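A quick note: this is a predicted structure, and the numbers were derived from the prediction, not measured. Throughout, a chain's letter reflects where its sequence line sits, starting with A, and its residues are numbered from 1.
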Protein chains: 2
Amino acid sequence: MLNSSTDPHLEKGIVTQLRGYLAQIDLADDGRLPPERELSAALGVSRTELRKALDVLEAEGQLWRHVGKGTFMGSRPLDTFADIAALARRSNPAEVMRARIVMEPEICRAAAFTATPEDIAEMRMCLTRSRQAETWRQYEAWDTRLHRTIAEASQNTLLLGLFDTLNAVRRAVTWGRLRTEPVKPLPDHHSFAEHEAIVDAIEHRDIAAAAAGMRAHLQTVERKLLDRQ
Amino acid sequence: MLNSSTDPHLEKGIVTQLRGYLAQIDLADDGRLPPERELSAALGVSRTELRKALDVLEAEGQLWRHVGKGTFMGSRPLDTFADIAALARRSNPAEVMRARIVMEPEICRAAAFTATPEDIAEMRMCLTRSRQAETWRQYEAWDTRLHRTIAEASQNTLLLGLFDTLNAVRRAVTWGRLRTEPVKPLPDHHSFAEHEAIVDAIEHRDIAAAAAGMRAHLQTVERKLLDRQ
DNA sequence: GTTGGATACCAATTTCATTTTGGTTTATAT
DNA sequence: ATATAAACCAAAATGAAATTGGTATCCAAC
């Protein structure tokens with residue numbers, strides 16, 4: 001009862017030992033620390049005792065664990081809002097338009113840097129087809145494809161992915177408005193000229209005009225959208 | 001030149017043959033049809049010719065294809081590029097920084113419009129805590145929280161969701177860089193002053209300065225990152 | 001009797017090699 | 001010229017094996 005090995009407060013010693021070890025080691029970017037089996041060996045304690053110490057730190061919120069994954073410093077990654085269905089439920093058409101106005105002009109600016117002749121040819125095809133559209137559905141298909149071609153032309157997988165996410169939310173959001181528009185796009189539909197101005201700017205590598213054109217276009221779309229409600 | 005096998009319109013025949021076959025067969029729930037190698041054998045045409053016919057149907061939007069996955073009837077599912085893990089696999093640190101430079105300044109501009117006093121108070125707390133950080137991990141935690149607080153202050157669920165997606169990809173991307181930095185952030189670390197300029201601009205509703213400050217900050221981060229490689 | 005250590009086992013997850021698949025190129029033949 | 005076959009590539013799916021946190025069991029020490 002007198003030697004330290006039976007001291008009931010020994011576990012507390014392991015906790016402090018562990019704290020020191022964790023402060024000292026330089027862990028990976030993801031905050032993952034060595035598996036329990038290695039850690040117990042490195043600290044010279046049994047796995048059972050190490051787990052008790054880890055339980056304490058986990059209760060303090062200093063780390064989190066998951067079977068098969070490992071043990072990680074910091075707080076458990078919060079449920080990201082990246083789920084499209086959840087996003088669409090929380091969002092609304094006004095937010096979608098605001099997000100488009102934030103993102104797409106800058107994506108368009110980047111595209112003006114990097115668009116290839118093939119990209120521009122596809123944009124031109126979208127322009128032609130959208131003018132020829134016989135129904136609003138067809139028009140929207142070519143409109144969507146044009147905007148996505150611009151995002152592709154940015155040559156950035158990640159930006160394209162974010163654009164796709166935004167687009168998926170846009171389609172999933174309940175717009176609540178009924179189509180009271182004419183059965184097919186009229187020849188003087190505002191988007192035609194705006195789209196062409198954007199593609200022209202991209203083709204001439206006029207990055208400022210490309211961004212400005214896209215912003216103006218989306219602001220027109222936003223205005224038309226909100227007028228109707 | 002006279003027999004039908006050299007008829008230049010034969011390919012059109014293959015398209016119709018394929019249409020008939022697709023209308024006839026009972027495809028799986030996911031709309032997947034047999035791989036090209038099987039399909040060409042079943043239809044008794046070469047894979048090259050089959051692919052031409054598939055190109056036509058794809059251009060019509062009747063089916064979509066993806067390497068490794070297969071060919072599917074109908075339109076491409078919404079969440080194709082929205083998966084974080086897939087994005088992280090495809091992307092890289094340079095793309096992540098470019099995407100941040102595209103998105104965050106505009107989010108910051110929006111935040112300068114809408115930030116509440118509570119938002120700004122939290123930003124100031126992040127500034128203080130990041131200055132007090134004893135390790136790089138602590139610093140990064142407060143840095144991340146500052147940037148997310150700014151995104152929250154935009155009052156736009158969708159923008160916040162896109163920001164979270166970007167952040168998740170950032171954490172998942174393999175940076176491959178070794179930590180050669182000092183053990184703790186030095187008092188003259190460039191980010192401190194830059195962060196404070198951004199929060200100041202937001203507080204004074206100087207939307208142009210907010211966006212410019214964020215852009216300058218991220219460009220500095222990008223430069224430091226690429227220097228090191 | 002209680003405590004701690006070693007061991008074995010479980011299920012979730014990752015890892016890695018293999019296979020499959022659409023996309024592309026090359027050589028050959030008609 | 002055009003079509004075909006074959007080979008090759010990279011993305012993705014697949015499946016076996018290893019890894020990892022969680023749990024139960026048995027045993028020794030006191």
Which pairs, protein N/O on one side and nucleotides 11-18 of chain C N/O on the other, fall under 3.5 Å?
residue, atom, partner, partner atom, Å
C:dT13, OP1, A:His66, NE2, 3.4

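- Between A:Met125 and A:Trp142, the shortest heavy-atom distance links the atoms CE-CZ3, 3.7 Å.
- Nucleotide D:dA11 holds its P atom 18 Å from the CZ atom of B:Phe72, rounded to whole Å.
- At least one side-chain nitrogen or oxygen of B:Arg65 sits closer than 4.0 Å to the OP1 or OP2 atom of C:dG23.
- A:Arg109 and A:Asp206 are not joined by a salt bridge, as no carboxylate oxygen comes within less than 4.0 angstrom of a charged side-chain nitrogen.
- Across the protein-nucleic acid pair, A:Asp55 atom CG and D:dT23 atom C1' stand 12 Å apart, rounded to whole Å.
- Checked for salt-bridge contact, B:Glu222 and B:Arg100 miss the test: no charged N lies under 4.0 Å from a carboxylate O.
- Under a 4.0 Å N-O distance rule, the pair A:Glu104/A:Arg215 does not qualify as a salt bridge.
- By the 4.5 Å heavy-atom criterion applied to side chains, A:Ile198 and A:Ile202 are counted as neighbours.
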Atom pairs, N/O to N/O, protein against nucleotides 26-30 of chain C, distance under 3.5 Å?
none

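- Between the CH2 atom of B:Trp64 and the P atom of D:dA12 there is a distance of 11 Å, rounded to whole Å.
- For A:Leu50 and C:dG4, the CG to C1' distance is 14 Å, given to the nearest whole Å.
- Salt bridge annotation for A:Arg90-A:Glu95: absent, with no cationic side-chain nitrogen under 4.0 angstrom from a carboxylate oxygen.
- Rounded to an integer number of Å, the gap from A:Ile14 CD1 to C:dT3 P is 15 Å.
- Between B:Arg51 and C:dG22 there is no side-chain N or O to OP1 or OP2 distance below 4.0 Å.
- Annotation: B:His195 is not in aromatic contact with B:His190 [ring centroid separation under 6.0 Å not met].
- Under 4.0 Å is where a charged nitrogen must lie from a carboxylate oxygen, and between A:Glu196 and A:Arg131 at least one such pair does.
- For A:Leu54 and D:dG22, the CG to C1' distance is 12 Å, given to the nearest whole Å.
- When rounded to the nearest whole Å, the span between NZ of A:Lys52 and P of C:dA6 equals 13 Å.
- Looking at A:Phe163 and A:His147, their side chains come closer than 4.5 Å, going by heavy atoms from C-beta outward.
- Near-neighbour residues of DNA chain D inside residues 34-47 of chain B, defined by a heavy atom below 4.0 Å, number-ordered: B:Arg37, B:Ser46, B:Arg47.
- Using a 4.5 Å heavy-atom cutoff, the side chains of A:Met73 and A:Leu33 are in contact.
- In this structure, B:Leu166 and B:Val96 approach most closely via the heavy-atom pair CD1-O, 4.4 Å.
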